[in-house]
**Q** 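For reference, the structure I am asking about is given below.
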Amino acid sequence: MGSIASYDELENGVRNNISPLDPEEFRRQGHMIIDFLSDYYHDIEKYPVLSQVEPGYLAKRLPTTAPYVAESVEAILQDVQQHIIPGITHWQSPNYFAYFPSSSSVAGFLGEMLSSGFNVVVDYKDWQITLSRRFRAMKLWLVLRSYGVANLRNFLRGHVRMAKRFEELVANDTGHIYMTHARVDGIYMIRFAIGASLTEDKHVTMAWKVVQETVDAMLNAL
């Protein structure tokens, strides 16, 4: 996971010149990152929702030192795909119903990019005090401008409607869905949180079928 080059290699002509904010390189790598994330969201349902790896798995794959020379974004993304994604609990999956909603949006991402692009977050390399807070209002502004209050209201109401539907259906360890439990007045219950941006009615129906199949399997085992 990553390559290591010695100081001698640098002395022997390995090119290590970098331009931290070259516009054309930013354009090229930015397109690659957007494509990578777009593919991830397109295929997100193919992954088990809950992380399937053992704690500490990634530490065994890391090199003992940081690379001396710059590595290509292609190599970095390949490592992300091969080593990082298998260890992720996919909070943005439409089958993630645990804890609390974790919604993202195109407008939200773009607002975050604009905030970062205007250099409101000081990099460690700068070693100086930040001049201002991040423009988090810009992210909200972009979301509101892009979708409008009416569409946002309908979006939230749709999630509330789906949550009520699941409540009506319900009076899992497969990885297909992820839910948690809660206890209210000493009674255990399934905590089914709807709010992921990609969740649709079909995911709620599928989750209910998983619950039914799990309960049937438990009863048959008695």
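Note that the coordinates shown come from a computational prediction; the quantities given were computed from them, not determined experimentally. The analysis underlying the following values was restricted to heavy atoms, covering all of them including side chains, and did not include hydrogens, waters or symmetry mates. In what follows, residues are counted from 1 in the order of the sequence shown.
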**Q** Is it true that Met32 and Ile84 fall in one hydrophobic cluster, defined by side-chain heavy atoms closer than 4.5 Å?
**A**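 In one cluster: yes.
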
**Q** Taking the side chain as C-beta and beyond, is there a heavy-atom pair between Phe97 and Thr199 under 4.5 Å?
**A**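 Phe97 reaches Thr199 side chain to side chain.
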
**Q** Ignoring hydrogens, what is the shortest heavy-atom contact between Ala98 and Ala193? Give both atom names and the distance.
**A** O-CB, 4.2 Å

**Q** Does some side-chain heavy atom of Phe192 sit less than 4.5 Å from a side-chain heavy atom of Val211?
**A**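 They are not in side-chain contact.
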
**Q** Do Val106 and Val149 land in one hydrophobic cluster if side-chain heavy atoms of ILVMFWY residues count as linked below 4.5 Å?
**A** no

**Q** Any chance you could measure Lys202, atom NZ, to Met162, atom CE, to the nearest 0.5 Å?
**A**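 Answer for the NZ-CE pair, Lys202 versus Met162, is 12.0 Å.
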
**Q** What distance do Glu71 atom CD and Gln78 atom CD have between them, rounded to the nearest 0.5 Å?
**A**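 Between Glu71 CD and Gln78 CD, I get 11.0 Å after rounding to 0.5 Å.
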
**Q** Please round to the nearest 0.5 Å and tell me the distance separating atom OH of Tyr41 and atom OG of Ser197.
**A**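 Answer for the OH-OG pair, Tyr41 versus Ser197, is 8.0 Å.
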
**Q** Check whether Ser93 reaches the backbone of Glu45 with its side chain - one donor and one acceptor, N or O, closer than 3.5 Å.
**A**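 Pair absent, no side-chain N/O of Ser93 close to backbone of Glu45.
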
**Q** Find out if a path of hydrophobic residues (ILVMFWY) with successive side-chain heavy-atom gaps under 4.5 Å connects Phe26 to Phe118.
**A** no

**Q** Using the rule given for side chain to side chain contact (heavy atoms under 4.5 Å, CB included), can you reason through Gln81 versus Asp79, listing the C-alpha separation, both sets of side-chain angles and the distance that settles it, and then say yes or no?
**A** CA-CA 5 Å; Gln81 182 67 50; Asp79 278 348; over 6 Å; no

**Q** May I ask you to decide if Arg28's main-chain N or O and His31's side chain share a donor-acceptor pair within less than 3.5 Å?
**A**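 Flag not set: sc His31 to bb Arg28 has no pair under 3.5 Å.
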
**Q** With a cut-off of 6.0 Å (strictly less than), are more than 12 heavy atoms of other residues, nucleotides or ligands near CD of Glu54?
**A** no

**Q** Evaluate side chain to side chain contact (heavy atoms under 4.5 Å, CB included) for Val80 paired with Phe36, printing each intermediate quantity in order.
**A** CA-CA 10 Å; Val80 172; Phe36 182 86; 3.7 Å; yes

**Q** Same hydrophobic cluster for Leu110 and Leu152, using side-chain heavy-atom links shorter than 4.5 Å among ILVMFWY?
**A** yes

**Q** When rounded to the nearest 0.5 angstrom, what is the spacing between CD in Glu200 and OG1 in Thr205?
**A**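 It is 11.0 Å, given to the nearest 0.5 Å.
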
**Q** For residues Ile44 and Asn95, determine if any side-chain heavy atom of one lies less than 4.5 Å from a side-chain heavy atom of the other.
**A**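 With C-beta onward as the side chain, the pair stays apart.
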
**Q** To the nearest 0.5 angstrom, please state how far the OH atom of Tyr40 sits from the CD1 atom of Ile85.
**A**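 If we round to the nearest 0.5 Å, Tyr40:OH and Ile85:CD1 are 6.5 Å apart.
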
**Q** Measure across Met189 and Val184 and return the closest heavy-atom pair with its distance rounded to 0.1 Å.
**A** SD-CG2, 3.4 Å

**Q** When you compare the side chain of Tyr96 with that of Thr89, does any pair of heavy atoms fall below 4.5 Å?
**A** yes

**Q** On a heavy-atom basis, which atom in Gly87 and which in Ser51 lie closest, and how many Å separate them?
**A**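 Scanning both residues, the minimum pair turns out to be O-OG, 2.9 Å.
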
**Q** Any chance the side chains of Gln29 and Glu25 put a donor and an acceptor closer than 3.5 Å?
**A**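 Checked: Gln29/Glu25 side chains pair up, N/O donor to acceptor below 3.5 Å.
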
**Q** For Arg161, give me all partners under side-chain contact (heavy atoms from CB on, under 4.5 Å), at least two apart in sequence or on another chain.
**A** Asp201

**Q** With the 4.5 Å side-chain cut-off for hydrophobic clustering, are Ile194 and Phe155 part of the same group?
**A**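 No; Phe155 is not reachable from Ile194 via cluster members.
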
**Q** Would you confirm whether Gln92, through its side chain, and His90, through its main-chain N or O, come within 3.5 Å as a donor-acceptor pair?
**A**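 No; judged by distance alone, with no hydrogens or angles, the pair does not exist.
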
**Q** For residues Val53 and Pro86, report the shortest heavy-atom separation together with the two atoms involved.
**A**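 Taking Val53 first and Pro86 second, the nearest heavy atoms are CG1-O, 3.5 Å.
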
**Q** Just so I know, are the side chains of Val210 and Met179 near enough to count as touching, which here means a heavy-atom distance under 4.5 Å?
**A**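 Side chain of Val210 against side chain of Met179, heavy atoms only: no contact under 4.5 Å found.
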
**Q** With heavy-atom distances below 4.5 Å as the criterion, would you say the side chains of Met113 and Ile34 are in contact?
**A** yes

**Q** Taking side chain as C-beta onward, heavy atoms only, is Gln52 less than 4.5 Å from Leu50?
**A**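 A side-chain contact under 4.5 Å exists here.
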
